[in-house]
Amino acid sequence: MVSYMDYTSPSTQYTFDVNKSPLFRKDSKNYINVLGIEQLNTLENSSLLDIFLSANNVIEPHYHQNAAELVYCISGAATVSMLNPFTKQILSYSITPGQVTNIPQGWWHYEVATVDNTHLLAIFDAPTPEVILGSDILKFTPANIMAHTYCMDENQWKQAVAPIEPSTYIGPYKHCNNRNETSPGQYVNQYYQQPQYLPHYQQTQYAPQYQYYWGY
């Protein structure tokens with residue numbers, strides 16, 4: 001990547017406190033901070049998300065159309081799952097501190113924390129990675145298109161997706177009626193086993209200053 005940064009400029013930044021750059025916050029134990037070129041202008045082809053999760057919380061199914069993602073476990077434990085678009089198989093990998101999972105660019109994937117106090121670092125090979133979120137796909141794709149394409153009852157589809165909130169990022173919702181006590185990892189192979197696609201990404205209301213994501 002060719003850099004056009006003026007390193008003689010007084011506005012050049014070499015350090016940044018990621019703790020002061022929130023992307024999304026569900027509660028005090030489940031939140032995401034972001035670092036991209038808008039936060040640190042000397043970044044070139046890299047960026048990251050700093051992710052904190054408690055047990056059974058999920059980084060919702062999504063994909064990055066312009067970046068691969070390396071998920072590094074700092075503490076706790078998580079299962080990283082992805083859909084291999086060539087084999088049509090869901091691949092799931094459990095990671096603990098010091099272990100990583102690599103997600104190729106454009107692959108549908110999600111992460112589930114299997115213990116409390118899980119801390120993940122998601123590293124991207126793009127200064128402004130973009131994202132398509134599963135919640136946005138399900139919420140914004142017209143019901144009549146889904147029903148017609150997949151031979152479904154339109155009203156039943158509308159009823160099924162009605163509880164979905166756009167740009168979920170971390171699920172389940174705090175007010176979710178279906179939150180039951182479960183053993184860690186129970187959800188690993190239950191979240192959206194087949195991908196849907198949306199040709200245009202809707203801007204999230206949570207972080208309007210980040211034109212690229214942010215989402216994870």
Side-chain angles (χ1 to χ4, degrees), residues 22-26 30-38 45-51 53 57-71 78-92 101-112 120-147 149-150 152 157-158 160-173 187 189-216:
L23 164 66
F24 179 83
R25 183 181 179 90
K26 174 181 175 180
N30 296 276
Y31 58 95
I32 306 170
N33 295 326
V34 58
L35 178 70
I37 199 169
E38 290 194 7
N45 206 38
S46 62
S47 54
L48 62 83
L49 293 180
D50 202 18
I51 303 167
L53 299 169
N57 276 264
V58 185
I59 298 299
E60 70 163 304
H62 63 282
Y63 66 92
H64 307 286
Q65 64 269 43
N66 75 326
E69 176 182 354
L70 184 67
V71 182
T79 299
V80 181
S81 299
M82 67 188 89
L83 174 67
N84 184 323
F86 301 99
T87 66
K88 312 301 183 186
Q89 294 178 318
I90 291 288
L91 308 175
S92 294
T101 298
N102 188 54
I103 304 162
Q105 179 178 332
W107 284 30
W108 184 253
H109 64 281
Y110 49 93
E111 294 88 20
V112 183
L120 305 175
L121 193 65
I123 305 165
F124 303 91
D125 60 349
T128 54
E130 300 168 344
V131 70
I132 305 294
L133 299 171
S135 56
D136 290 347
I137 291 173
L138 295 171
K139 200 67 176 181
F140 297 128
T141 304
N144 64 315
I145 294 299
M146 297 297 284
T149 303
Y150 303 111
M152 297 184 295
W157 172 257
K158 288 180 179 178
V161 300
I164 296 174
E165 298 179 6
S167 303
T168 295
Y169 287 103
I170 301 175
Y173 308 129
Y187 299 111
N189 290 312
Q190 298 178 4
Y191 282 84
Y192 305 108
Q193 296 295 303
Q194 295 297 328
Q196 310 289 344
Y197 298 94
L198 179 67
H200 177 71
Y201 174 59
Q202 303 292 329
Q203 179 68 31
T204 172
Q205 61 179 331
Y206 294 110
Q209 69 272 32
Y210 304 126
Q211 63 181 354
Y212 35 92
Y213 204 178
W214 277 91
Y216 180 36

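Both backbone and side-chain heavy atoms feed into the values below; hydrogens, waters and symmetry mates do not.
Between the CG atom of L70 and the CD1 atom of I123 there is a distance of 5.0 Å, given to the nearest 0.5 Å. In this structure, L53 CG and Y31 OH are separated by 10.0 Å, a value rounded to the nearest 0.5 Å. Atom CZ of residue F124 and atom CG of residue N45 lie 12.5 Å apart, to the nearest 0.5 angstrom.
Across A68 and D125, no two heavy atoms sit closer than the pair N-OD1, 2.8 Å. Contact record, Y173 with E165: OH-N, 2.6 Å, taken as the closest heavy-atom pair. The two residues S167 and D136 make their nearest non-hydrogen contact at N-OD1, 2.8 Å. Between K26 and G171 the shortest heavy-atom distance is NZ-C, 3.9 Å. Contact detail for M146 and T141: the closest heavy-atom pair is SD-CG2, 3.5 Å. Shortest non-hydrogen contact noted between W108 and P61 is CZ2-CB, 3.5 Å.
Legend: residues meeting side chain to side chain contact (heavy atoms under 4.5 Å, CB included) with T87, ordered by chain and number and at least two apart, are N84, Q89. Scanning for side chain to side chain contact (heavy atoms under 4.5 Å, CB included) contacts around P163 gives an empty result, with sequence neighbours left out. Under the rule for a side-chain hydrogen bond (donor to acceptor under 3.5 Å, both in side chains), N33 has no partner lying at least two apart in sequence or in another chain. Applying the side chain to side chain contact (heavy atoms under 4.5 Å, CB included) criterion to S135, with sequence neighbours excluded, gives E60, L133, I164, T168. Every residue meeting the side chain to side chain contact (heavy atoms under 4.5 Å, CB included) condition with A143, not counting sequence neighbours, appears here in chain and number order: E154, W157, K158.
Each of I103, V80, I90 was checked for a side chain to side chain contact (heavy atoms under 4.5 Å, CB included) with Y110, and the lone residue meeting it is I90. For the pairing with H64, the side-chain hydrogen bond (donor to acceptor under 3.5 Å, both in side chains) check across Q105, E69, E130 returns one residue only, E69. When the options N57, V58, I59 are evaluated for a side chain to side chain contact (heavy atoms under 4.5 Å, CB included) with N30, the one that passes is N57.
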- Test side-chain contact (heavy atoms from CB on, under 4.5 Å) applied to D50 and I32, step by step: CA-CA 6 Å; D50 202 18; I32 306 170; over 6 Å; no
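At least one donor-acceptor pair closer than 3.5 Å links the side chain of S47 to the backbone N or O of A126. In this structure, the side chain of K139 engages the main chain of A162 through a donor-acceptor pair within 3.5 Å.
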